[in-house]
Amino acid sequence: MLIRLLNQDLNSEIIVISLMGASSNLIDRLPSNVRVIALNVKTAAGMLVAVLKLRSIIPSYSNLYCWMYHANVVGSLLKCAHLGRLNLIWGVRHSLDDFEGESFSTRLAIRLGGLLKSTPDSVVHCSKRSQKQHLAFGYNTALGSHYIPNGYLFEHSEVRTFSSQSIVIGAAGRFHPSKDYLNLFSALAPIVSSNASLTLKVCGRGMSPDNSDLIGILEQARFPLNRIDLLGEVSDMSQFYGIIDLFLLSSKTEGFPNVLAEASAYGCAVISTDVGDAKEIVVDHSWVVPACSSEKLEQAVMRFLNLSVEDKLNITKQQMNHVRNNYSIDKVAQSYNRLLRG
């Protein structure tokens with residue numbers, strides 16, 4: 001999302017500071033007016049050192065937009081070091097659906113955000129649900145809280161023609177407890193086992209056959225290993241969306257689930273757990289089920305599979321039009337520009 005946003009503003013001088021590293025793959029996708037500085041922070045102490053480094057890099061009275069929790073904390077400390085002479089905007093790109101399930105580092109950064117709530121001039125949330133959660137948590141600021149969803153550069157795409165003979169189900173996301181893959185595999189195991197026309201394809205960092213923990217989850221769910229393609233990390237997601245018919249999101253926490261919007265825009269049918277802004281993205285809420293319920297997810301998948309080809313097409317076309325009409329990168333970039341430029 002950040003890369004898409006930066007490619008909309010080709011006239012301003014922009015500095016992107018990565019607290020950690022910056023891969024050549026990321027840098028190659030940025031326009032020439034963007035300079036990248038990587039601080040390679042690896043420890044909590046390194047975060048404090050980063051504040052000192054940034055004080056010499058970022059002049060007073062700059063616009064400082066922080067993208068995620070840890071950056072928000074560093075940005076607040078930097079504003080204090082500048083004696084308040086920064087226009088500081090926090091970015092919140094996560095929900096609090098599963099706070100206790102977050103890492104210690106993330107929980108600490110979230111709590112520090114609650115303590116530092118008076119330092120940002122405004123806070124941007126990419127999710128309406130997350131915005132409500134964080135306001136209740138204490139993320140209220142002097143100039144207010146703003147909702148700006150993610151945006152997409154839509155390529156030409158058409159709703160695929162569903163076959164009455166076979167369906168390819170897809171899922172995408174890194175191997176992480178928040179993605180709740182046990183929920184996904186448990187829901188699909190009985191369906192796939194009894195239907196030879198179904199195939200599951202999953203991509204994401206760590207979603208590969210050499211991940212023994214992943215194989216253990218599949219075995220725990222009794223998912224037939226010969227009926228799943230574990231693709232690992234995929235660089236061309238458009239190609240992935242092009243080979244699946246039905247996209248499933250099984251997460252127990254999200255902010256604005258990019259994959260739901262992307263899959264919809266590429267003409268896939270979608271079913272999701274009720275996390276983050278899933279109900280903003282999925283226009284028909286009957287295809288949004290409670291999180292952590294493999295039974296409800298299984299029922300939704302079966303209901304979709306039992307529809308006629310014509311009904312599948314109509315539902316998918318309605319969903320694709322909803323996403324394309326509401327989440328274009330042009331519209332989203334204008335919202336950011338209004339906020340940053342006053």
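One-based numbering along the sequence shown.
Residues Gln8 and Asp330 have side chains in contact (heavy-atom distance under 4.5 Å, counting atoms from C-beta outward). Side-chain contact between Arg227 and Thr199 is absent, with no heavy-atom pair separated by less than 4.5 Å. Put simply, the side chain of Leu182 reaches to within 4.5 Å of the side chain of Asp180, judged on heavy atoms. Taking 4.5 Å as the limit, some side-chain heavy atom of Thr106 sits within range of a side-chain heavy atom of His70. Counting heavy atoms from C-beta outward, Trp90 and Leu88 have side chains that approach closer than 4.5 Å. Residues Leu39 and Leu54 have side chains in contact (heavy-atom distance under 4.5 Å, counting atoms from C-beta outward). Residues Gln319 and Val270 are in side-chain contact: their nearest non-hydrogen atoms beyond the backbone lie under 4.5 Å apart. Between Met47 and Val73, every side-chain heavy-atom pair lies at or beyond the 4.5 Å cut-off.
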Determine, stepwise, if the pair Arg129 / Ser95 fulfils side-chain contact (heavy atoms from CB on, under 4.5 Å).
CA-CA 7 Å; Arg129 180 168 178 163; Ser95 74; 5.6 Å; no

Evaluate Asn326 against Glu280 for side-chain hydrogen bond (donor to acceptor under 3.5 Å, both in side chains), listing each step before the verdict.
CA-CA 10 Å; Asn326 289 279; Glu280 297 292 328; over 6 Å; no

side-chain contact (heavy atoms from CB on, under 4.5 Å) for Ile271 and Leu297? Distances and angles first, verdict last.
CA-CA 8 Å; Ile271 297 174; Leu297 186 57; 4.0 Å; yes

Check step by step if side-chain contact (heavy atoms from CB on, under 4.5 Å) holds for Leu248 and Ser272.
CA-CA 6 Å; Leu248 302 185; Ser272 175; over 6 Å; no

Quick one, Phe175 with Ile217, criterion side-chain contact (heavy atoms from CB on, under 4.5 Å). Give me CA distance, side-chain angles, the key distance, then yes/no.
CA-CA 11 Å; Phe175 181 70; Ile217 292 174; 3.7 Å; yes

Is there a side-chain hydrogen bond (donor to acceptor under 3.5 Å, both in side chains) between Asn211 and Ser208 once you walk through the steps?
CA-CA 6 Å; Asn211 184 339; Ser208 53; 5.8 Å; no

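A continuous path of Ile, Leu, Val, Met, Phe, Trp and Tyr side chains, each step under 4.5 Å between heavy atoms, connects Ile27 with Val34, placing both in one hydrophobic cluster. Hydrophobic clustering, with ILVMFWY side chains joined whenever heavy atoms are under 4.5 angstrom apart, keeps Met20 apart from Met1. Leu48 and Leu116 end up in the same hydrophobic cluster when Ile, Leu, Val, Met, Phe, Trp and Tyr side chains are linked at under 4.5 Å. Residues Leu313 and Leu307 are members of one and the same hydrophobic cluster, defined by side-chain heavy-atom contacts under 4.5 angstrom among Ile, Leu, Val, Met, Phe, Trp and Tyr. Cluster membership for Val283 and Val323, using ILVMFWY side-chain heavy atoms within less than 4.5 angstrom, is not shared.
When every heavy atom of Leu135 is checked against every heavy atom of Ser145, the shortest pair comes out as CD2-CB, 3.9 Å. Shown here for Ile228 and Leu230, the closest heavy-atom pair between the two residues is CD1-CD2, 3.6 Å. What you find for Ser178 and Thr253 is that their closest heavy atoms are CB-CG2, 3.5 Å. Contact record, Val202 with Leu200: CG2-CG, 3.8 Å, taken as the closest heavy-atom pair. Nearest heavy atom pair, residue Ile37 against residue Arg35, reads CD1-NH1, 3.7 Å. Across every non-hydrogen atom of Arg55 and Ala81, the tightest pair is NE-O, 3.0 Å.
Salt bridge annotation for Asp311-Arg303: absent, with no cationic side-chain nitrogen under 4.0 angstrom from a carboxylate oxygen. For the pair Asp274 and Lys279, the salt-bridge criterion is met [side-chain N within less than 4.0 Å of a carboxylate O]. Using a 4.0 Å cut-off between charged side-chain N and carboxylate O, Asp229 and Lys201 make a salt bridge. In summary, Asp121 and Lys79 engage in a salt bridge, as defined by a charged side-chain N under 4.0 Å from a carboxylate O. A salt bridge does not link Glu102 with Arg107: none of the charged nitrogens is closer than 4.0 Å to a carboxylate oxygen. Using a 4.0 Å cut-off between a side-chain N of Lys or Arg and a carboxylate O of Asp or Glu, Lys179 and Glu254 qualify as a salt bridge.
Remark: side-chain polar atoms of Asn195 are not paired, donor with acceptor, to backbone N or O of Ile191 under 3.5 angstrom. When atom types are taken as modelled, the side chain of Gln133 and the backbone of Leu96 share a donor-acceptor pair closer than 3.5 angstrom. Put simply, the side chain of His125 never gets that close to the backbone of Ser127: no donor and acceptor are under 3.5 Å apart. When atom types are taken as modelled, the side chain of Lys331 and the backbone of Asn325 share a donor-acceptor pair closer than 3.5 angstrom. The backbone N or O of Gly170 lies less than 3.5 Å from no partner atom in the side chain of Tyr241, so there is not a single donor-acceptor pair. Under the 3.5 Å distance criterion, the side-chain polar atoms of His322 are left unmatched by any main-chain donor or acceptor of Gln318.
Checked against a 6.0 Å centroid threshold, the rings of Phe256 and Tyr147 do not count as neighbours. Aromatic rings of Tyr65 and Tyr336 (six-membered ring for Trp) have centroids within the 6.0 Å cut-off, being under it.
Aromatic ring pairs are classed by plane angle as parallel below 30°, tilted from 30° to 60° and perpendicular above 60°; the pair Phe137 and Phe99 is tilted.
Here OG of Ser130 is found 8.0 Å from CG of Asp277. Values are rounded to the nearest 0.5 Å. Atom CG of Asn40 and atom OG of Ser18 lie 7.5 Å apart (nearest 0.5 Å).
Among the candidates Pro190, Ser250, Ser186, the single residue satisfying the side-chain contact (heavy atoms from CB on, under 4.5 Å) test with Ser294 is Ser186.
No hydrogens or angles considered: a donor-acceptor pair under 3.5 Å links the side chains of Arg93 and Asn150.
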